[in-house]
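This report refers to the structure that appears directly beneath it.
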Amino acid sequence: MPPTFQPMNLISVLEAQERILQKVHAVGQTKFPLEHAARRVLAEDIRAAADLPSFDNSSMDGFALRSQDTSASRVTLRVVADLAAGAAPKGSLAAGEAARITTGAPLPPGADAVIPVEETDFNERGAGIPAPKTVTITRKADAGENVRPRGTDVRAGQVVLAAPHRLRAQDLGLLAMLGIANVPVYNIPRVALLSSGDELVPVDAPLTEGKIHDSNSYALAAQIEEAGAQAVRLGVARDERAAVESLLDRAADMAVDMIVTSAGVSVGAFDFVKEVVEAKGSLNFWRVNMRPGKPLAFGEYRGIPFVGLPGNPVSAFVTFEVFVRPALEKLSGLAPRPRRRTTVRLAEAVESDGRESYLRAIVDEQGVARLTGHQGSGNLFSLVQANALLIIPAGVKSRPASSDVEAWLI
Ligand code: AMP
Ligand code: MG
């Protein structure tokens with residue numbers, strides 16, 4: 001059995017999430033060129049200024065005509081116009097008249113249907129072929145056939161995109177259709193990222209005895225960028241008060257929107273991060289009833305929201321997902337919503353210590369979950385192999401094989 005922890009003066013995951021969200025606020029807004037707006041968060045509702053499509057047009061290459069001129073028997077019409085996409089019709093069709101038309105070209109006034117070229121005696125669509133003088137049709141055309149009426153997709157005045165919303169490719173296409181060249185979006189939050197620990201050396205430095213590479217800053221920077229924020233990497237602080245303070249001050253001088261550190265927040269002899277934060281700011285909480293990740297500090301440093309993640313690489317990753325990601329959503333202007341959970345079935349019994357636990361697992365196509373080996377919070381490879389985090393609620397110490405548990409897919 002794993003050891004049992006008393007949740008004394010540990011706050012719950014939910015309470016910690018709520019306390020963080022209470023203290024972070026959306027960054028400012030700006031108008032931004034459409035071509036660079038992908039993945040930015042829309043800051044104002046977008047209303048269509050015009051109908052889409054903005055004019056009745058043909059959905060086929062063919063002949064525009066008046067449906068009442070056609071019948072079940074053969075009819076020959078005079079071709080009085082040749083309308084390519086982009087053309088503006090000059091006159092309207094009178095009785096017995098037709099216009100050659102291509103896909104996307106405006107329907108001439110008077111016309112109410114398009115018969116495709118394949119269904120006429122002029123089945124020619126090569127480039128440069130002149131329109132015929134007459135065209136013969138052998139069937140009845142229905143009013144509206146092969147016509148895309150104005151306003152079928154969007155009506156002028158309609159809200160087509162509601163803020164806040166992260167802009168996707170199709171949204172940019174729609175904004176372009178509406179002629180919106182500059183989009184109101186939130187700024188991208190800037191997040192200062194620093195590691196702490198005398199054992200840490202850069203990824204390209206040789207490892208001498210007792211040293212390890214600083215891996216958290218790479219994983220966390222990628223998580224920050226993936227969440228739509230900008231990581232400002234400040235490097236590694238030695239385990240000394242002055243070193244930690246000088247990097248935190250650098251972050252504050254840059255007026256970042258949030259400071260994220262890893263390590264140095266537990267109760268070890270060299271864990272200075274908490275006390276440096278308290279000297280020039282304040283701590284809101286520093287322990288959460290979860291596993292991995294109990295030592296998690298939150299507060300503000302010189303007025304900037306500060307999150308001190310644990311140093312163990314799996315703990316840093318998981319606590320980022322649990323606490324920092326929703327905070328970055330709110331900073332980005334989004335309304336943070338609980339992450340979607342999937343129900344999976346345990347292939348084997350799992351044990352927990354009663355804290356809210358996030359266990360690394362592989363979920364197969366049948367929805368059956370198996371743990372990816374030893375769950376020690378330094379074992380990053382077991383996280384690399386996982387495609388899900390199983391969530392065992394606080395107070396639960398074990399779940400038998402074949403029981404259902406909730407999971408985040410990662
Ligand atoms: P600490 O919170 O400082 O006690 O660190 C907990 C564990 O995480 C220790 O084993 C550290 O060596 C490790 N650790 C701390 N920072 C990093 C980092 N940036 N990259 C990889 N491991 C780290
Ligand atoms: Mg340390």
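In this chain, numbering begins with 1 at the start of the sequence shown. The model shown is predicted, which means the values in this text are computed figures rather than measured ones. Just follow the structure's listing: the first ligand is 1, and inside any ligand the first atom is 1.
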- Query: Do you know the tightest heavy-atom contact between Gln230 and Ile188?
  - Reply: N-CG2, 3.7 Å
- Message: One residue to check: Val236. Relative to ligand 1, which of side chain, backbone, both or neither has a non-hydrogen atom less than 4.0 Å away?
- Response: neither
- Item | Non-hydrogen atom of Gly378 closer than 4.0 Å to ligand 1 | no
- State whether the shortest distance between N or O atoms of Ile212 and N or O atoms of ligand 1 falls below 3.5 angstrom. no
- Message: Less than 4.0 angstrom from a charged side-chain N to a carboxylate O is my criterion; do Glu321 and Arg339 meet it?
- Response: yes
- Thinking salt bridges, do Arg148 and Asp153 make one under a 4.0 Å N-O criterion? no
- Is the Lys NZ or Arg CZ of Arg360 less than 6.0 Å from the centre of Phe381's six-membered ring, within 45° of the axis? no
- Task: Could you find the nearest protein heavy atom to atom 11 (C) of ligand 1 and give me its residue, atom name and distance?
- Result: Glu199 OE2, 3.0 Å
- Note on the structure: Among non-hydrogen protein atoms, atom 21 (C) of ligand 1 lies closest to Ser215 OG, 3.2 Å
- Query: Stepwise, does the salt bridge (charged side-chain N to carboxylate O under 4.0 Å, His left out) test hold for Glu97 with Arg66?
  - Reply: CA-CA 8 Å; Glu97 292 181 346; Arg66 298 151 31 104; over 6 Å; no
- For Ser195, the atoms of ligand 1 under 4.0 Å from one of its heavy atoms are 19 (N)
- Item | Basic-acidic side-chain contact under 4.0 Å: Asp253, Arg302 | yes
- Message: Please determine whether a side-chain nitrogen of the Lys or Arg among Arg238 and Asp198 lies less than 4.0 Å from a carboxylate oxygen of the Asp or Glu.
- Response: yes
- Item | Which segment of Ser266 sits under 4.0 Å of ligand 1 when only heavy atoms are counted | side chain
- Query: Quick one: does Asn312 get an N or O within less than 3.5 Å of an N or O on ligand 1?
  - Reply: yes
- Query: Closest non-hydrogen protein atom to atom 18 (C) of ligand 1, residue and atom name please, with distance?
  - Reply: Asn216 ND2, 3.2 Å
- May I ask which of Pro295, Ser196, Gly311 has a heavy atom nearer to atom 14 (N) of ligand 1 than the others do? Gly311
- Query: With the threshold set at 4.0 Å, does a side-chain nitrogen-carboxylate oxygen contact exist between Arg39 and Glu225?
  - Reply: no
- Item | Asp214 neighbourhood, listing ligand 1 atoms whose heavy-atom distance to it stays under 4.0 Å | 18 (C), 19 (N), 20 (N)
- Any non-hydrogen atom of Pro310 lying under 4.0 Å from ligand 1? no
